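Bear in mind that the values here come from a model prediction, so they are computed numbers and not experimental data. Within every chain, numbering begins at 1; the chains are lettered A, B, ... in the order of the sequence lines, protein sequences first and strands thereafter.
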2 protein chains.
Amino acid sequence: MPDDPKRRGPTRAAELTELEGCVLGVVWDQGPCTAYSIRRVFASSPSPHWTGSAGAIYPLVRRLRTRGLLESGDHPAGPDRGQTCRLTPRGRRALRSWLAPPFPDWAVGVPVDPLRTRLRFLAALSPAGRARFLGEAERKLREHIAEVRRDYRRRLAESDRFDWLMARGALRMLRARLDWLREVSLELKKDPNHR
Amino acid sequence: MPDDPKRRGPTRAAELTELEGCVLGVVWDQGPCTAYSIRRVFASSPSPHWTGSAGAIYPLVRRLRTRGLLESGDHPAGPDRGQTCRLTPRGRRALRSWLAPPFPDWAVGVPVDPLRTRLRFLAALSPAGRARFLGEAERKLREHIAEVRRDYRRRLAESDRFDWLMARGALRMLRARLDWLREVSLELKKDPNHR
DNA sequence: TGTGACATGTAATATGTTACATGATTGA
DNA sequence: TCAATCATGTAACATATTACATGTCACA
């Protein structure tokens, strides 16, 4: 194999992974906070991409501390209750450089979509199975859109402008998927048995 | 932490990861083929999500063989040149059940978008930095759309209907992102300094 | 005969998940 | 006081990446 086509790394010393960038962003956003409160942000976010599992966050925060991007302060409820962390100047620079252009190619590339992935192999199902696939996908997608909308409305009060814009982006994405599913349905109805 | 909010597993014995499902799909699609040819499919796919690295594919194929989802045959160029693999009946069932509803929630949820992720923290940049972010993102996104379109046209001859539908989906996704970026730009122009 | 592409793998490494362990706090 | 929840972690595990180690084949 050419052994190079889409390399992601090696992570230069100064570079951040997505999760590291997000964690710095959360700390920047919240001000001094504990690892646990960072976890809660991920756990309560509507995106299922990261669970904010303890085994991810605690070691990661330690790593960022070691690299001098976070520094610790005392916990407001007493020093024996763990530590809060806040951005160092270097951490702030790292956040900005993760955030800002130039973007890696994969960040701009086609986003991964598990439904699209599966559709590639849809011909492996019977025509009836294909119809079920599309029906179920459309149903769950509509449900999910409604849920995102609700969540977004519920958070309107606390959310700033960028939260709002993110939600708009997520909804645009979901609607594009839904439109696409309907297009696929129409296409398959024309000729359900065609491979 | 509630220690449960978005659990992904534990992978039941019969379940497949995304990559495993895709590999079964590729084998189903291509008929008997070698691990190397599976790698090539991933490496040449326009999606950057998996590199099809040797260290991922070879052990994975072995795993699927052990689980009885793939079985090996002789290599057409001689038995000392490795083995081809093809789906067993169980493998075919596994593929169909990975493919078909019910879908896991995260498969229908908002797709991950690194640009959207970053935008959440855009307020950490200066107003000029924000403008650069949006300009660069839009530029690279347009470039990428053109590239996907070219790739799609180039493959038109060899591609079946589902390839075509996948490409349509990818383009819809990319266009939705582009429209969103333009919406964000307009929004920020109204009031560039507002946090 | 040697150079580069093709092909098959393994090893070291990194990262994230689940599951578990532990202690403090709260409240019925 | 006992259970549930909050909070902080660690351990075992799975999986994917990069980088490396080989071997074969075409062909100049």
Side-chain angles (χ1 to χ4, degrees), chain A residues 1-13 15-23 33-44 47-67 72 75-85 104 106 112, chain B residues 1-13 15-23 33-44 47-67 72 75-85 104 106 112:
Chain A
M1 191 73 92
D3 247 5
D4 204 26
K6 297 175 191 176
R7 52 192 317 232
R8 298 229 220 288
T11 311
R12 283 210 326 263
E15 304 219 334
L16 298 175
T17 64
E18 290 293 287
L19 184 52
E20 285 167 348
C22 284
V23 165
C33 58
T34 65
Y36 185 75
S37 67
I38 296 171
R39 287 187 62 198
R40 259 186 323 199
V41 172
F42 287 98
S44 72
S47 157
H49 189 216
W50 284 301
T51 62
S53 60
I57 299 301
Y58 288 103
L60 187 148
V61 167
R62 195 170 32 237
R63 252 174 1 244
L64 293 178
R65 243 196 282 259
T66 321
R67 287 167 65 181
S72 20
H75 194 289
D80 56 332
R81 302 267 301 166
Q83 303 183 311
T84 60
C85 45
W106 55 262
V112 180
Chain B
M1 190 73 95
D3 247 3
D4 204 28
K6 298 175 191 176
R7 52 192 318 231
R8 298 229 220 286
T11 311
R12 284 209 326 261
E15 303 220 333
L16 298 175
T17 64
E18 290 293 288
L19 183 53
E20 285 167 348
C22 284
V23 166
C33 57
T34 65
Y36 186 75
S37 66
I38 296 172
R39 286 188 64 198
R40 259 186 323 200
V41 172
F42 287 98
S44 72
S47 158
H49 189 215
W50 284 300
T51 62
S53 60
I57 300 300
Y58 287 103
L60 187 149
V61 167
R62 194 168 36 234
R63 243 160 27 230
L64 293 178
R65 242 195 283 258
T66 321
R67 286 167 66 182
S72 19
H75 194 288
D80 56 332
R81 302 267 303 163
Q83 302 182 312
T84 60
C85 44
W106 55 260
V112 179

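The shortest distance between side-chain heavy atoms of B/Arg39 and B/Val61 does not fall below 4.5 Å. Between A/Val23 and A/Phe42, some side-chain heavy-atom pair lies under the 4.5 Å cut-off. The shortest distance between side-chain heavy atoms of A/Val41 and A/Cys33 does not fall below 4.5 Å.
Residues satisfying the side-chain contact (heavy atoms from CB on, under 4.5 Å) test with A/Val112, not counting sequence neighbours, are B/His49. The salt bridge (charged side-chain N to carboxylate O under 4.0 Å, His left out) search around A/Arg63 returns A/Glu20, not counting sequence neighbours.
OP1 or OP2 of D/dA7 lies within a sub-4.0 Å distance of a side-chain N or O belonging to A/Arg40. B/Arg62 has a side-chain polar atom (N or O) that falls below the 4.0 Å cut-off from OP1 or OP2 of C/dT10. Not one side-chain nitrogen or oxygen of A/Arg39 sits closer than 4.0 Å to the OP1 or OP2 atom of D/dC6. Look at B/Thr34 and you'll find a side-chain N or O under 4.0 angstrom from OP1 or OP2 of C/dT8.
Taking atom CD1 of B/Ile57 as the reference point, atom P of D/dT15 lies 13 Å away to the nearest angstrom. What separates CG of B/Leu64 from P of D/dA16 is a distance of 11 Å, to the nearest Å. What separates CD1 of A/Ile38 from P of D/dC6 is a distance of 18 Å, to the nearest Å. If you measure from atom CG of A/Leu16 to atom P of C/dT15, you get 11 Å, rounded to the nearest angstrom. Here the P atom of nucleotide C/dA7 and the CZ atom of B/Phe42 are 17 Å apart, to the nearest Å.
Here the side chain of A/Arg63 is nearest to one of C/dT10, D/dT17, C/dG16, namely C/dG16. With D/dT8, D/dT17, C/dT18 as the candidates, the nucleotide lying closest to the side chain of B/Trp50 is D/dT17. Between D/dT18, D/dT15, D/dG9, one nucleotide has an atom nearer to the side chain of B/Glu20 than all others, and that is D/dT15. Proximity note for B/Tyr36 (side chain, C-beta onward) versus C/dA7, D/dT8, C/dT10: the nearest is C/dA7. Comparing D/dA16, C/dT15, C/dT10 by their closest approach to the side chain of B/Leu60 singles out D/dA16. Here the nucleotide nearest the side chain of B/Ser53, chosen from D/dT17, D/dA16, C/dT8, is D/dT17. Comparing D/dT18, C/dT8, D/dA7 by their nearest atom to the side chain of A/Tyr58 picks out D/dA7.
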